[in-house]
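Atoms considered below: every heavy atom in the structure, side chains included; atoms not considered: hydrogens, waters and symmetry mates. In what follows, every chain begins at residue 1, and chains take the letters A, B, ... in the order their sequences are listed. Keep in mind that what you see is a predicted model, and the values were worked out from it rather than measured.
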Amino acid sequence: MNPPPVGEPSRSRLGETSRARHQIRVRMAPSPTGFLHIGSARTALFNWLFARHHNGAFILRIDDTDAARSTDASMREIYESLQWLGLEWDEGGEKGGPHAPYVQSERRDIYEWHVQRLLASGNAYHCYCTPEELDAIRAQSRAEKQNRAYDGRCRHLTQADKERFAAEGRKPTVRIKMPDAPIRVADIVLGTRDISPDTLEDEVIVRSNGMPSYNLTSIIDDVEMQITHVIRGTEHLNNTPKQIAIANALGLNVPQFAHIPLVLDNTGRKLSKRHHGTLVAVSRYREEGYLPAAMLNFVARLGWAFDDKQEIFSVEELIEKFELARVGKSGSVFDIKKLDWLNTHYIGKLDVAARTDAVIPFWEKEGIDVVAEPRERLESIVTAVGERLTKLQDIVPQTRYFFAAPTEYEPKAVKKWWKKDARDILTALGAVLEAVEPFELETVESAMWQYTEERNIKRVAAMQTLRIALTGTSFGPSLFDILVLLGRDEVLARIQRAIQFVK
RNA sequence: GGCGCUAUCGUCUAGGGGUCAGGACGGAUGGUUCUCAGCCAUCAAACCGGGGUUCGAAUCCCCGUAGCGCUACCA
């Protein structure tokens, strides 16, 4: 007895075979209520990759219908984070395009026109319920184990009822009238299913303040902007039948949908601004010194895999190999350890010049005056540090002593390496280093080895004792690199200071 | 409470009626070495449970269970 499902899309599951006639158009539609979320960044990436892979267009739309929470600052931050990641958009944002404006608060007349059509056709109606009444209805529905929170009671208001409410000063919302037929949701990653209409309630599509809400604006803009594929997070899955219903009532064709799994924290919950704060902010990773290439590679592998052997993907490879068909259905935990590994890898791939450039802002941020340093010396330091950088900001603890003598010696290191003979070793080493000619890598090295051999001292003991005197810590680059980079005078001065400290 | 989605090592995943269930991160051990990092080698580590179907099920079907998401005049 059920009427046939509505909303059947015209294309096949993958949508990747029958696209010859139409250009692929996808969009990312953040709401400007804070920084760019790591999950949004992944959604943006998937959209962007899909667009680039198919030579389509990637559109940036700003969903700011929640006026109370949206800010310009947030909008700029989102642009900036996206640009930093290299996810350039073809239309929208501050860039404009043939479907301008791309900011929803500037498109109200478009929504208004559609709402009037809905009202005129009887597919939408005014609802005069107050928030308090709604709360009560919700509570009751829940108690009665109903599957809908709102019962559609204002569908049947008489003209007299409306006038009475209006006289009371109540401002109505507009609700969409949900259909009686099941709605078919065809999802590229999750498959097709029919949603029973009695689980769908009459959503508010225009607030009482006149501002249209998400489910209306989203689908209207997707259609108006000729979006062919809506790729978004699974949290929107339940909105999809509502949006399809709205489009159907308006006689509009819906795009294809692809809901990608959520990004989870290590307890399996959705990563959110609310619970995780700046941990989910793309800008935070930028500030700590993660490379865009690493972020993209990492985030792409959350829910997507190419085969059973490849982990490292350049952006070009990602574009070439990315397919929606290979996106998984289950959520993925954001594992910072793996991001760290990738970041180390990508930093390692930077040549010295590029790595030096990348690291300079991090020195400056910590007040290290790199401008005063010869470029050559900076590059030598970076070379000496080698692969010891997981994040660019690690450059600071790794190299601080190249710019200023240590002000303290790490207690743990001192305890382990500065035994009773530390003073003697330092004194002797000082003499050795004072005498080497010239003060260069090979000469210093052989002089040191000669010393340890003659005195029958363990290399480690001598080296670590000296390392702490010079750097204040027990780890770091080759000690010979450090010696030469510091120069004889500075080395001798630091040895003297250490001897005083040891007493 | 309702509705929906999901389920392979700790994590990201490959595979998929017959495999020693593969790789990577992380972990452990050993090697290289002046330390750390790196690199090399080795090891531990998984098909949510129960029923079917089948000669054979981790794979197909059903039922559970668990987790998550949504449940706003947020998006």
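Residue A:Leu479 is classed as a base contact, given a heavy-atom separation below 4.0 Å to a base. Residue A:Asn147 is in sugar-phosphate contact alone, with no base atom involved, counting any heavy-atom pair closer than 4.0 Å across all strands shown. A:Ser474 comes within contact range of at least one nucleobase, with a heavy-atom separation under 4.0 Å. Looking at heavy-atom distances under 4.0 Å, A:Glu311 makes contact with a base. Within the nucleic acid shown, A:Gly268 comes within 4.0 Å of sugar-phosphate atoms alone, with no base atom in reach, counting heavy atoms only. Within 4.0 Å (heavy atoms only), A:Arg459 reaches sugar-phosphate atoms of the nucleic acid but no base atom. Residue-level contact check: A:His259 touches neither bases nor backbone, having no heavy atom under 4.0 Å from any strand. Heavy atoms of A:Arg326 sit under 4.0 angstrom from primed sugar atoms or phosphate atoms, though from no base atom. Among the heavy atoms of the strands, none lies under 4.0 Å from A:Cys127. At a threshold of 4.0 angstrom between heavy atoms, the contacts of A:Arg269 are confined to the sugar-phosphate backbone, with no base atom among them. At the heavy-atom level, A:Pro30 lies nowhere under 4.0 Å from the strands shown. Residue contacts shown for A:Ser330 are limited to sugar-phosphate atoms, with no base heavy atom under 4.0 Å away. Within 4.0 Å (heavy atoms only), A:Gly303 reaches sugar-phosphate atoms of the nucleic acid but no base atom. Contact annotation for A:Arg138: backbone-only contact, meaning every heavy-atom pair under 4.0 Å involves sugar-phosphate atoms and none involves a base.
At a threshold of 4.5 Å between non-hydrogen side-chain atoms, the residues A:Met225 and A:Arg27 do not count as touching. You'll find the side chain of A:Arg494 reaches within 4.5 Å of the side chain of A:Leu486, heavy atoms only.
Classification of A:Glu311 and A:Arg301 as a salt-bridged pair holds, one side-chain N sitting under 4.0 Å from a carboxylate O. A:Lys338 has no carboxylate O lying under 4.0 Å from a charged side-chain N of A:Asp340, or vice versa, which leaves the two without a salt bridge.
Whole-Å rounding puts the A:Ile395 CD1 to B:A37 C1' distance at 13 Å. In this structure, the CG atom of A:Leu483 is 15 Å from the P atom of B:U35, given to the nearest Å. Atom CD of A:Gln146 is separated from atom C1' of B:U71 by 14 Å (rounded to the nearest Å). Remark: C1' of B:A72 and CG of A:Asp63 are 17 Å apart, rounded to the nearest angstrom.
Annotation: of the two residues near RNA chain B, A:Glu387 and A:Phe306, the 5′-most nearest-nucleotide partner is A:Phe306.
Residue side chain A:Ser478 reaches the base of B:C34 through a donor-acceptor N/O pair under 3.5 Å, judged by distance alone. Checked by distance alone, A:Ser208 brings a side-chain donor or acceptor within 3.5 Å of a matching partner on the base of B:C73. Between the side chain of A:Asn239 and the base of B:A75 there is at least one donor-acceptor pair of N/O atoms closer than 3.5 Å.
Spacing of C1' atoms, B:U11 relative to B:G26, comes out at 7 Å, to the nearest Å. For the C1' atom pair drawn from B:C9 and B:G15, the interatomic distance equals 15 Å after rounding to whole Å. Rounded to whole Å, the separation between the P atoms of B:A57 and B:G50 comes to 13 Å. Taking atom P in both B:C12 and B:C48, the straight-line distance is 14 Å, to the nearest Å.
Put simply, the side chain of A:Asn47 gets close to the backbone of A:Thr43: a donor and an acceptor are under 3.5 Å apart.
OP1 or OP2 of B:C5 sits under 4.0 Å from a side-chain N or O of A:Arg193. Phosphate proximity of B:C68 to A:Thr234: absent, as no side-chain N or O sits under 4.0 Å from OP1 or OP2. Close to B:C70, at under 4.0 Å from its OP1 or OP2, lies a side-chain N or O of A:Lys270.
With a cut-off of 3.5 Å on both Watson-Crick or G-U wobble distances, the partner of B:G10 is given as B:C25.
For A:Glu235, counting side-chain heavy atoms from C-beta on, the closest listed nucleotide (B:C36, B:U6, B:C70) is B:C70. Counting only heavy atoms from C-beta on, A:Val204 has its side chain closest to B:C73 among B:C73, B:G69, B:U35. Here the nucleotide nearest the side chain of A:Ser332, chosen from B:C34, B:C12, B:U6, is B:C12.
In terms of heavy-atom proximity, A:Met448 sits nearest to A:Leu466 at CE-CD2, 3.8 Å.
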